[in-house]
Amino acid sequence: MAAKGPLRGISQYVIHRLVANYWSLPLIAVFGAPLLGAAVLWTDRAFAGEWLFERGVTLLVAGDAAQDLAIAIVGVNAALLTLYWSVTLIVLTLATANLGVRLVDRWLDKVLTRVSVAGLTFCLVFSIVVLSRIDPEASLAELPHFALAVLFALELVNIAMLGVAIHDLGRTMFVDRSIAHLGTEASSIAIPVVAAAPFAGEWRFALPAPREGYVEGMDLERLRKRLATHEGQVRFCAAPGQHVLKGEPLVQFEYEPRKTKPVLRTVAIGDFRSSVQSTVYQVRLLVEVASRALSPGINDFYTALACADQLAAAMAGHAQTWVDDGLVAVYEHDPRFELPGQDFRGLFEGPLKAFRQAAADYPSVSIRIIENLARLRTLLAGQDCPGALLEFFQTCAAEMHAHARANAEHDSDRADIDRAFDKCLLAVAGEA
C-alpha cells in the first residue's frame with residue numbers, strides 16, 4: 001500500500017511500514033516460489049508434461065539438455081538480480097546526493113520498484129526448485145516439459161521486466177520528473193478544511209501524546225463516527241508532519257470522552273518524517289530539493305527554478321484552504337474538529353521562508369519566486385480569492401525582494417530584482 005494521501009490512523013501506518021519497503025514483497029516471493037514450483041511440478045507429472053510431449057510442444061531434443069537449460073536460467077536469474085541491486089545502489093547514491101535522502105522513501109513507495117525486486121527474487125528461487133527436480137539421465141518423455149516451459153516463459157517476462165525496471169531507475173535520476181510528481185501531489189488538498197471562529201470556551205480534557213515522534217496522519221472520518229454521540233468541540237493540537245513529545249497535548253476536548261483509546265488509534269505517530277504525511281511533506285521536500293540544489297557543492301539553480309514553479313502550482317491548488325486571522329481551520333465534514341496548522345498558512349508560510357533564505361544569494365531564483373508570487377496574485381484575484389491571501393503573496397514578495405537585494409553583489413542584479421518587484425507592484429495596482 002503505497003501512500004497516495006495522508007494515512008488514516010495507526011492501522012494504515014502499520015500496514016504502510018510493512019509494505020513500503022524492499023523486503024516485504026521479496027519475502028513473500030521467496031516463500032511463494034517453492035509453493036508455486038511444487039504446484040507446477042505436480043501438474044507436470046499429473047498430465048501437463050505428457051500432454052505437451054505427445055503434441056511435440058517441447059523445448060528439448062535430448063535428456064541432458066533439460067539440466068543444462070535449467071542451470072543456464074538459474075545463472076541468468078542470479079546475474080540479473082545482482083545487476084539490478086548494483087544499479088539500484090548506484091542510482092540511489094547519486095540521486096540522494098543531488099536531490100536529498102528523503103526521495104528514497106518516495107522511491108520505495110513505487111509499485112514498480114517492489115514488483116521488480118520481488119519478480120527477480122521469485123524467478124531465481126523458482127528456477128532453483130525446478131532445477132532440483134530434473135534428472136539428467138531420464139528419458140526425453142520423462143522430463144518435466146511443462147515445468148521447463150513455465151520456467152522459460154517466466155524468464156522471458158523476467159528479462160522484459162528488468163528492462164522496464166532499469167529504464168525506471170534511469171528516469172529516477174531525471175530530477176524534473178521527481179519535482180513534477182511532487183508538485184502534482186502537493187497541489188491536491190489532503191484534508192478539506194473551512195474557516196470558522198475558534199472555540200472560546202475551556203478545554204476541559206487534553207489527551208497526551210503516547211510517544212515521541214512525528215504525526216503521520218489522522219483518520220478524521222473514523223473519529224467523526226466514533227464521536228457521533230460526543231458533545232463539544234475537539235481540537236487537534238499537532239498537524240501532520242509536526243513533532244510531538246511524549247506527554248504533550250495531542251487532542252483537546254471540551255468534554256472528556258468516555259474512551260480515549262479509539263481516539264489514539266486514529267492518530268498515527270512515526271519516528272521520522274515520511275511521504276505519508278502528504279501535502280506538508282511534499283511541500284517541504286520541494287524546498288529541500290531546491291535548497292540542496294542551491295548549495296555550493298551542487299550549484300544547480302535550474303532545479304531550484306523548477307521547484308519554485310511547482311511550489312507556485314501547489315499554492316494555487318490550495319487557495320481555498322486559506323483561513324483569515326482570528327479564525328481557525330475546521331474539518332469540512334465535521335466543524336467540531338479544529339485543525340490549527342492545516343490551512344494554507346500552516347502548509348506554506350514556513351517553507352516559503354526557508355526557500356527565501358536559500359535563494360537569497362541567487363538573484364535568478366529570487367526573481368522567479370517574486371514573479372511566481374505576482375502570477376499567483378493575478379490569477380487568484382479573478383477567482384474571488386480572499387484579500388488576505390493576496391496580501392500574503394505581496395508580503396512574501398516584498399520579503400524576498402528585500403532579502404535578495406541585500407545579498408546581491410552587483411548593481412545589475414539589484415536592478416533586475418527591483419524590476420521584478422516593480423512588476424509585482426504593477427499587478428497590485430492593476431487589481432485596484
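Everything quoted here is computed from the prediction, not taken from an experiment.
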Spatial distance of atom CD1 (I159) from atom CG (N77) [nearest 0.5 Å]: 8.0 Å
So I369 and R356, do their side chains get closer than 4.5 Å, heavy atoms only? no
Donor-acceptor pair, distance only, cut-off 3.5 Å: does the side chain of H230 make one with the backbone of Y255? yes
Y84 OH to L81 CG distance, which is reported to the nearest 0.5 Å: 10.0 Å
CG of L207 to OG1 of T260: how many Å apart, nearest 0.5 Å? 5.5 Å
Would you call D334 and L227 a side-chain contact if the rule is heavy atoms closer than 4.5 Å? no
Greater than 12 external heavy atoms within 6.0 Å of R414's CZ: yes
Before accepting this row, confirm whether a basic side-chain N of the pair R419/D422 lies closer than 4.0 Å to the acidic partner's carboxylate O. no
Can you tell if the side chain of P210 reaches within under 4.5 Å of the side chain of L250, non-hydrogen atoms only? yes
Nearest heavy-atom approach of T279 to S188 is OG1-O, 3.4 Å
Could you tell me if the side chain of F122 sits less than 4.5 Å from the side chain of L154, heavy atoms only? yes
Look up atom CD1 in I73 and atom CG in N158, then write down how far apart they are to the nearest 0.5 Å. 10.0 Å
Show the nearest heavy-atom pair for residues A118 and A29, with the distance to one decimal. O-CB, 3.5 Å
Could you report the tightest heavy-atom contact between S116 and M161, atom names first, then the distance? OG-CE, 4.2 Å
Please examine the side chains of V215 and F236, heavy atoms only from C-beta on, and report whether any two atoms are closer than 4.5 Å. no
Verify whether one side chain among D343 and H318 offers a donor that lies under 3.5 Å from an acceptor in the other. no
Close side-chain approach of F199 and V328, heavy atoms under 4.5 Å: no
If every non-hydrogen atom of P198 is compared with every non-hydrogen atom of L327, which pair is closest and at what distance? CD-CA, 4.1 Å
Give a yes or no on this: more than 12 heavy atoms of other residues, nucleotides or ligands lie within 6.0 Å of atom CZ of F205. yes
Side chain to side chain contact (heavy atoms under 4.5 Å, CB included) for T121 and L25? Distances and angles first, verdict last. CA-CA 10 Å; T121 305; L25 201 55; over 6 Å; no
Parallel, tilted or perpendicular: ring planes of F392 versus W322, cut at 30 and 60 degrees: tilted
Would you say Q383 has more than 12 foreign heavy atoms packed within less than 6.0 Å of its CD? yes
Minimum heavy-atom distance A209-I269, with the two atoms named: CB-CD1, 4.4 Å
Just one of L389, L373, L380 clears the side chain to side chain contact (heavy atoms under 4.5 Å, CB included) bar with M315, so which one? L373
Show the numbers, then the answer: is there a salt bridge (charged side-chain N to carboxylate O under 4.0 Å, His left out) between R345 and D325? CA-CA 10 Å; R345 200 197 310 264; D325 291 336; 2.7 Å; yes
Considering all heavy atoms, the nearest Q233-R336 contact: NE2-O, 3.4 Å
Using 0.5 Å steps for rounding, measure from the CD atom of E221 to the CZ atom of F337. 9.0 Å
Please assess R222 against R226 for the test side chain to side chain contact (heavy atoms under 4.5 Å, CB included), listing each intermediate value before the final yes or no. CA-CA 6 Å; R222 180 182 177 186; R226 294 275 187 178; 3.2 Å; yes
Got R368 and D309 here, is their nearest side-chain heavy-atom distance under 4.5 Å? yes
Roughly how far apart are Q342 CD and I189 CD1, rounded to 0.5 Å? 12.5 Å
Check the pair F421 / I417 against side chain to side chain contact (heavy atoms under 4.5 Å, CB included), numbers first and verdict last. CA-CA 6 Å; F421 187 63; I417 296 170; 5.7 Å; no
Where do D418 and R405 land on the side chain to side chain contact (heavy atoms under 4.5 Å, CB included) test, with the steps shown first? CA-CA 8 Å; D418 290 339; R405 200 179 192 286; 2.9 Å; yes
Close side-chain approach of L162 to L83, heavy-atom, < 4.5 Å: yes
